[in-house]
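In what follows, chains carry the letters A, B, and so on, assigned in the order in which the sequence lines appear, proteins first and then strands, with residues in each chain numbered from 1. These numbers come from a predicted model, not from an experiment.
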Amino acid sequence: MKKVAKWIVTCAWPYVNYVPHLGTMIGSALSADVIARYLRMKGEDVIFVSGSDEHGTPIEVEAIKRGIEPKALCDENHLKITELFKRWGISFDNYSRTESPHHKDFVRSFYMKLMRNGYIYEEEVELPFCPNCQIFLPDRFVTGQCPYCGFEDARGDQCDNCGRLLEPDKLVKPRCTICSTSPQFKRTKHWFFDLPKLEPELREYVEKAPFLTENARNSSLSLLREGLKPRSVTRDNRWGIPAPFPGAEGKTIYVWMEAVLGYVSATIEYFVKKGEPEKWKEYWFDGDSRFLCFIGKDNIPFHTLILPALLIASREGYVLPWGVSATEYLLFEGQKFSKSRRIGVWIDEALEMYPVDYWRYVLLYLRPEGRDVSFTWPLFKELVNSHLNDTLGNFVYRVLSFTSRVFSSKVPTPRSDWIKEELWEIVLEKFQRTSSYLDSFRIKDALQEVMSIAREGNRYLNEKAPWDAIRKGLVDEASISIYVCLTAIKSLAIMLAPFMPKSANDIWRGIGYTNSVHEEKWEEAIKPIEPGREVPTPKPLFTKIK
RNA sequence: AGCGGGGUGGGGAAGUCAGGUUAUCCCGCGGGGCUCAUAACCCCGAGAUCGGUGGUUCAAAUCCACCCCCCGCUACCA
């Protein structure tokens, strides 16, 4: 990969009505974190931003349920989630929120620009309104009897029983999902974004975007083939960013139409806080910048169509997503994660059970790159015990304890022909392969490639049997093989750093370095360890579970 | 229903777009080896009609048609 000007690495903003679950974690923040860390190690200029998505009906409803203000609910959850991301080792440069003043100001002036550019128009529509809650109800917040199959709990958009698409006014005996009152249908004015106007430019964008995962490219092209429809920008919600349009008093901007702009506003906020209020422009208006999004498949159209459309419509020359990496879904024991049905594991409870790198490894190993993948407990156990503990942990431990016992805790000095050793050649090759996988965001393949170094290390060690060499008095032979193993361990520490930051650093310290592995460059992985370096008494890296 | 993605040994995943020697990897299982190491490690082996049916081809997991099943989206859930 050529060195480029700037990287804007981003991941989907979690909706903070609740703590994210493991599926959200692998699809967005964790994947983005690996790439952000890798790019930084490569010496690239990276800014990694995301934030809490806070507006809209579900949060308003949750706040009503708990008898508190939406803002109070969001403050609480934003703080909690910020803290959790920190504990998960997600290396954001800025984790912002849609309640940030920078975001709100940016969004309001951005939409005024779109209006001036002729992409916003108003129209009257008729929508369900709950007279008791005093709010307009999104389709899914109206339930009633399905007119086709008679199912009692059909939602206003689709019947869960027969699968038919519905409209709220088609439901028999409709009721408000929040309070069960029968909704009225009221006329209200809304502002729309003229998406069809941008269709030719969007088609060109989708066809030419340098990196879109297959699911993202195909489904976007398919939507374009069907033809885009205007998208409403405003809502009658109380909880949101006040719409800036003349005559739109009391309206807010639809969450999706503002949250995606957070990528820009979070960059602005980051540089304002650093005292360089103009610097964000170097990232967003430089044609060589690479704007990368990590999302789950449900988010695809918002990142491949709506966001680019908004950015284009501003006519200010924003960079469009250079890459969109969309994962399939992580399932839990074969089922969708569901808060209401308590199916799944959430990122707070995960950390109460096991160390963060156990989770990071398992999630990255399972990353649903081509299809839905199921998380199961037996699989979790297998990966932790066999991969982390037996293969990686034991390789490092056996080499270090041998070094400690036989070479008095010093990296032995090898004969100069050590460089011809098979394991070293394997490490060099795997370094290249890992780099090229990461360059194309194939995180799963990259991780497997790194881990296979430990496997090869074990094999090499068994073959060379330095313990046998020592017994026969062949200290030179033992020195070479242990030296090569220690060098491989150094490579492992560097190459694991983007994936398992804590364990990688433990390995790094374990071979006697006193700084942080995260200060090192990626290329350091193929620089041999210095003979004579003192290594501390080894400690096991992982422990088996259950 | 339409559109997008998927179905590969017992489990989990690559490979499919550019068809081609014994279908790859991680586990599990059976046997053997080693004894530095956390009962860890290494080697060998068994185990697959590549969702189904039909077609194209000298040759199909891969291309075409139809069917079955799983997931997502379908524009006011986010």
Side-chain angles (χ1 to χ4, degrees), chain A residues 12-17 53 55-59 61 125 127-128 136-142 155-158 162-165 167-168 190 195 213-223 225-226 228-232 234-237 254-256 259 296-302 305-306 326 328-329 331 334 336 365-374 376 378-379 382-383 385-387 389-391 393-403 405-406 442 444-445 448 451-452 455 457-468 470 478 481-482 485 538 540-544:
Chain A
W13 291 38
Y15 195 70
V16 298
N17 58 341
D53 181 5
H55 300 130
T57 309
I59 285 183
V61 170
V125 288
L127 292 172
F136 279 91
L137 298 168
D139 288 359
R140 291 196 185 188
F141 281 80
V142 183
R155 291 171 312 172
D157 59 336
Q158 187 167 28
C162 68
R164 280 183 202 258
L165 296 180
E167 305 285 332
H190 277 299
L195 206 48
T213 46
E214 207 173 330
N215 51 0
R217 176 113 51 195
N218 290 342
S219 63
S220 306
L221 286 173
S222 150
L223 286 168
R225 267 197 305 276
E226 287 168 29
L228 303 177
K229 295 183 205 157
R231 218 59 211 208
S232 72
T234 50
R235 290 289 183 277
D236 284 298
N237 291 0
Y254 173 38
V255 271
W256 256 116
K297 63 175 161 182
D298 52 332
N299 262 326
I300 291 170
F302 292 98
L305 299 172
I306 298 203
E328 298 292 310
Y329 271 7
L331 305 177
K336 276 189 76 175
Y365 184 87
L366 295 177
R367 185 169 192 262
E369 288 177 3
R371 72 176 89 169
D372 291 355
V373 170
S374 194
T376 63
L379 203 52
E382 173 199 314
L383 292 171
N385 289 353
S386 159
H387 291 209
N389 188 77
D390 296 348
T391 304
N394 186 51
F395 171 61
V396 172
Y397 191 77
R398 65 197 293 214
V399 172
L400 289 178
S401 67
F402 195 94
T403 306
R405 204 166 39 76
V406 176
R442 291 172 64 175
K444 229 173 148 161
D445 288 330
Q448 290 193 47
M451 287 298 284
S452 70
R455 243 166 243 121
N458 278 319
R459 198 174 60 79
Y460 172 83
L461 203 55
N462 275 37
E463 221 168 68
K464 296 292 167 175
W467 49 90
D468 203 40
I470 290 293
S481 41
I482 287 300
C485 284
L541 288 165
F542 308 100
T543 45
K544 289 204 180 199

(message) Taking only the C1' atom of each, what is the distance from B:G6 to B:A61 in whole angstrom?
(response) 14 Å
(message) Looking only at the side chain of A:Tyr15 (C-beta and beyond, no hydrogens), which of the listed nucleotides B:C27, B:C25, B:A78 gets closest?
(response) B:A78
(request) Starting from C1' on B:A78, measure out to CZ on A:Phe302 and report it in whole angstrom. (result) 8 Å
(message) If you only use heavy atoms from C-beta on, which nucleotide in B:U38, B:G12, B:C36 is closest to the side chain of A:Val373?
(response) B:G12
(message) With a cut-off of less than 4.0 Å, is there a side-chain N or O of A:Ser401 near OP1 or OP2 of B:U38?
(response) no
(message) Check A:Asp372 with A:Lys336, please: is the shortest side-chain N to carboxylate O separation under 4.0 Å?
(response) no
(message) Below the 4.0 Å mark, does B:C76 have OP1 or OP2 next to a side-chain nitrogen or oxygen of A:Arg231?
(response) yes
(message) Distance criterion of 3.5 Å, no angle test: do you see the side chain of A:Arg398 paired donor-to-acceptor with the base of B:U35?
(response) no
(request) Could you tell me whether A:Glu369 contacts a base, only the sugar-phosphate backbone, or nothing, with contacts defined as non-hydrogen atoms closer than 4.0 Å? (result) nothing
(request) Ignoring hydrogens and angles, answer whether the base of B:A37 and the side-chain atoms of A:Asn394 contain a donor-acceptor pair closer than 3.5 Å. (result) yes
(request) Pick the C1' atom in B:G20 and in B:U62, then give their distance to the nearest Å. (result) 11 Å
(request) May I ask you to verify if any side-chain N or O of A:Arg371 is less than 4.0 angstrom from the OP1 or OP2 atom of B:G72? (result) no
(request) Go through B:C27, B:G72, B:C77 for me and flag the one nearest to the A:Phe141 side chain. (result) B:C77
(message) Between B:G54 and B:G12, how far apart are the two C1' atoms, rounded to whole Å?
(response) 32 Å
(message) Heavy atoms from C-beta onward define the side chain here; which of B:C27, B:G7, B:C76 lies closest to that of A:Leu127?
(response) B:C76
(message) What's A:Phe136 touching, base or sugar-phosphate or nothing? Going by heavy atoms closer than 4.0 Å.
(response) nothing
(message) Please give the distance between the P atoms of B:C67 and B:U24 as a whole number of Å.
(response) 34 Å
(message) Taking any heavy-atom pair under 4.0 Å as a contact, classify A:Leu541: base, sugar-phosphate, or nothing.
(response) base
(request) Identify whether any heavy atom of A:Thr391 sits under 4.0 Å from a base atom; if not, whether one sits that close to sugar-phosphate; answer base, sugar-phosphate or nothing. (result) sugar-phosphate
(message) Quick check on RNA chain B: between A:Arg225 and A:Thr57, whose nearest nucleotide comes earlier from the 5' end?
(response) A:Arg225
(request) Output yes when a side-chain donor or acceptor of A:His55 lies under 3.5 Å from a complementary backbone atom of A:Val255, and no otherwise. (result) no
(message) Among B:C27, B:A78, B:C77, which nucleotide has an atom closest to any side-chain atom of A:Tyr254?
(response) B:A78
(request) Report yes or no: is the cationic atom of A:Arg405 (NZ for Lys, CZ for Arg) under 6.0 Å from the centre of the six-membered ring of A:Phe402, at an angle within 45° of the ring normal? (result) yes
(message) With rounding to the closest Å, how many angstrom separate the P atoms on B:C66 and B:G5?
(response) 15 Å
(message) Tell me if a side-chain donor or acceptor on A:Thr391 pairs with a main-chain N or O of A:Arg455 at a distance below 3.5 Å.
(response) no
(request) Classify the nucleic acid contact of A:Gly156 as base, sugar-phosphate or nothing, counting any heavy atom under 4.0 Å across all strands shown. (result) nothing
(request) For A:Asp236 and A:His190, run side chain to side chain contact (heavy atoms under 4.5 Å, CB included): C-alpha distance rounded to whole Å, both residues' side-chain angles, the deciding distance at 0.1 Å, then the answer. (result) CA-CA 9 Å; A:Asp236 284 298; A:His190 277 299; 3.1 Å; yes
(message) When you measure from the side-chain N and O atoms of A:Asn215 to the phosphate of B:G4, is any distance below 4.0 Å, counting only OP1 and OP2?
(response) no
(message) Using only atom types and a distance under 3.5 Å, with no angle test, would you say the side chain of A:Thr403 pairs donor to acceptor with the backbone of A:Val399?
(response) yes
(request) Among the candidates B:C36, B:A78, B:G4, find the nucleotide nearest to the side-chain atoms of A:Ser219. (result) B:G4
(request) Return no unless some side-chain N or O of A:Arg455 is found under 4.0 Å from OP1 or OP2 of B:C43. (result) no
(request) Taking all non-hydrogen atoms of both residues into account, name the closest pair between A:Lys229 and A:Leu195 and its distance. (result) O-CB, 3.5 Å
(message) Counting only side-chain nitrogens and oxygens, does A:Lys444 get under 4.0 Å of the OP1 or OP2 atom of B:A14?
(response) yes
(message) Counting C-beta onward and ignoring hydrogens, is there a side-chain heavy-atom pair between A:Arg398 and A:Trp467 closer than 4.5 Å?
(response) yes
(request) Name the nucleic acid region contacted by A:Pro58, choosing base, sugar-phosphate or nothing; use a 4.0 angstrom heavy-atom cut-off, strictly under. (result) sugar-phosphate
(message) Please tell me if A:Tyr397 has a side-chain N or O lying less than 4.0 Å from either OP1 or OP2 of B:U38.
(response) yes
(request) Among B:C76, B:C41, B:C36, find the nucleotide with the atom closest to the side chain of A:His190. (result) B:C76
(message) Using the P atom as the point on both nucleotides, what is the distance between B:C50 and B:G9, in whole Å?
(response) 9 Å
(request) Would you kindly give the CD-to-C1' distance between A:Glu214 and B:G15, to the nearest whole Å? (result) 13 Å
(message) So, does A:Lys464 get its side chain near the phosphate of B:C42, meaning an N or O under 4.0 Å from OP1 or OP2?
(response) no
(request) Indicate, with a heavy-atom threshold strictly under 4.0 Å, whether A:Leu228 touches base, sugar-phosphate, or nothing. (result) base
(request) Would you mind classifying the nucleic acid contact of A:Asn389 as base, sugar-phosphate or nothing, using non-hydrogen atoms under 4.0 angstrom? (result) base
(request) Can you tell me, in whole Å, how much space there is between the C1' of B:U35 and that of B:A40? (result) 11 Å
(request) Go through B:C27, B:C76, B:C41 for me and flag the one nearest to the A:Pro138 side chain. (result) B:C76
(message) Please tell me if A:Arg140 has a side-chain N or O lying less than 4.0 Å from either OP1 or OP2 of B:A78.
(response) no
(message) Would A:Trp467 count as stacking on B:C36 if stacking means ring centres less than 5.5 angstrom apart and planes tilted under 30 degrees?
(response) yes
(message) Please report the distance separating the P of B:C63 from the corresponding atom of B:G7, rounded so that it comes out in whole Å.
(response) 11 Å
(request) Determine which nucleotide pairs with B:U62, using a 3.5 Å limit on both distances of a Watson-Crick or G-U wobble pair. (result) none
(message) Mind checking if A:Asp53 touches a base, just sugar-phosphate, or nothing, with heavy atoms under 4.0 Å?
(response) sugar-phosphate
(request) Specify the residue among A:His387 and A:Leu366 whose closest nucleotide of RNA chain B lies further upstream toward the 5′ end. (result) A:Leu366
(message) Using a 3.5 Å distance criterion without hydrogens, assess whether the side chain of A:Tyr15 forms a donor-acceptor pair with backbone atoms of A:Ile59.
(response) yes
(message) Between B:C73 and A:Asp298, counting only base atoms on the nucleotide and side-chain atoms on the residue, is there a donor-acceptor pair under 3.5 Å?
(response) no
(request) Measure from the side chain of A:Asp139, starting at C-beta and using heavy atoms only, and say which of B:G12, B:C36, B:C77 lies closest. (result) B:C77
(request) When you get a sec, tell me which of B:C36, B:C77, B:G72 is the closest nucleotide to the side chain of A:Asp157? (result) B:C77
(request) Under a 3.5 Å limit for both distances, which nucleotide forms a Watson-Crick or G-U wobble pair with B:A1, could you say? (result) B:U74
